[in-house]
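Worksheet: the structure to be examined is printed underneath.
Numbering of residues begins at 1 and proceeds along the displayed sequence.
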Amino acid sequence: MAKGKTRSKKTVIIGVMLIAAAAIWGFIRLISQDSAGIPGSTDRERTAYIESFGYKVGTVPDKIEEIRIPANFDEAYGQYNAIQLEQGFDLRKYRAYYAKKYTYSIKNYDSGSPVPICANLIVIDGIIVGADISSSEAGGLLTVLAKK
């Protein structure tokens, strides 16, 4: 009987420790989010942000995708985040988060290529947390949206 009570106490202690760890993790995630940021919950806010850098885009996105920012960045995502860091974003804060990626065709980008150039915005909870300019061709253009 004593052996059963020992296992039971260990199970309870482990359970309490796991719940405490989950609560601490959740609290840290909550306070690490930027509540103030670049608004991006509406098409008007997103297009205004893109156009603030001199680009002309349509009033609605060409494509909307739900994406998940990986928990662990591989080399490619690390390079992508380096582009984000250049313009003041950091996707490391949003590891394992789900986001919406809005893609808008840029009408006035002179790339010298017939391939369309797009502005992409990554939005979490109505806040823009990432942005880039890219082409749809493999190995094509990928650069910052925010010109400094």
**Message:** Walk me through whether D132 and Q84 qualify under side-chain contact (heavy atoms from CB on, under 4.5 Å).
**Reply:** CA-CA 8 Å; D132 68 78; Q84 301 308 316; 4.3 Å; yes
**Message:** Is there a path of hydrophobic side-chain contacts, each under 4.5 Å between heavy atoms, that joins I64 and I128?
**Reply:** yes
**Message:** Quick check: closest heavy atoms across G140 and S135, and the distance to 0.1 Å?
**Reply:** CA-OG, 3.4 Å
**Item:** Test side-chain hydrogen bond (donor to acceptor under 3.5 Å, both in side chains) applied to S134 and N120, T103, T143, the passing residue
**Value:** N120
**Message:** Please evaluate residues Y109 and L141 with respect to the criterion side-chain contact (heavy atoms from CB on, under 4.5 Å), reporting the C-alpha separation (whole Å), side-chain torsions for both, the decisive distance (0.1 Å), and the verdict.
**Reply:** CA-CA 12 Å; Y109 193 95; L141 175 72; 3.7 Å; yes
**Request:** Count the heavy atoms belonging to other residues, nucleotides or ligands that lie under 6.0 Å from CD of E66, then report whether that count exceeds 12.
**Result:** yes
**Message:** Using only atom types and a distance under 3.5 Å, with no angle test, would you say the side chain of E65 pairs donor to acceptor with the backbone of K100?
**Reply:** no
**Request:** Spell out, yes or no, whether L142 and I122 are grouped together once hydrophobic residues are joined by side-chain heavy atoms under 4.5 Å, including indirect joins.
**Result:** yes
**Asked** Quick check: does any side chain N or O of D74 sit under 3.5 Å from a backbone N or O of Y77, one acting as donor and the other as acceptor?
**Response** yes
**Request:** Taking Q87 for its side chain and A146 for its backbone only, find out whether a donor-acceptor pair lies under 3.5 Å.
**Result:** yes
**Prompt:** CD1/I69 to NZ/K101 distance, rounded to the nearest 0.5 angstrom?
**Reply:** 11.5 Å
**Prompt:** Below 4.5 Å, heavy atoms only, C-beta onward: do F89 and I38 meet side chain to side chain?
**Reply:** yes
**Asked** What do the steps show when you test D43 against Y102 for side-chain hydrogen bond (donor to acceptor under 3.5 Å, both in side chains), and what is the final call?
**Response** CA-CA 9 Å; D43 285 326; Y102 295 88; over 6 Å; no
**Asked** Taking it one step at a time, do Y55 and I133 satisfy side-chain contact (heavy atoms from CB on, under 4.5 Å)?
**Response** CA-CA 11 Å; Y55 300 114; I133 292 178; 3.2 Å; yes
**Asked** Which atoms form the tightest heavy-atom contact between I50 and A119, and what is the distance?
**Response** CD1-CB, 3.9 Å
**Request:** Answer yes or no: is there a side-chain heavy-atom contact under 4.5 Å between F73 and L91?
**Result:** yes
**Request:** For atom CG of N108, decide whether the heavy atoms of other residues, nucleotides or ligands shown that lie under 6.0 angstrom number more than 12.
**Result:** yes
**Request:** Verify the cluster assignment for V60 and I117: are they in a single hydrophobic cluster under the rule of side-chain heavy atoms below 4.5 Å apart?
**Result:** no
**Prompt:** CG of L145 to CD of E86: how many Å apart, nearest 0.5 Å?
**Reply:** 12.5 Å
**Request:** Kindly determine whether E45 and Y49 satisfy side-chain hydrogen bond (donor to acceptor under 3.5 Å, both in side chains), including the steps that lead there.
**Result:** CA-CA 6 Å; E45 290 171 335; Y49 179 69; over 6 Å; no
**Message:** Out of the candidates R46, K63, E51, only one should pair with Y104 under the side-chain hydrogen bond (donor to acceptor under 3.5 Å, both in side chains) rule; please name it.
**Reply:** R46
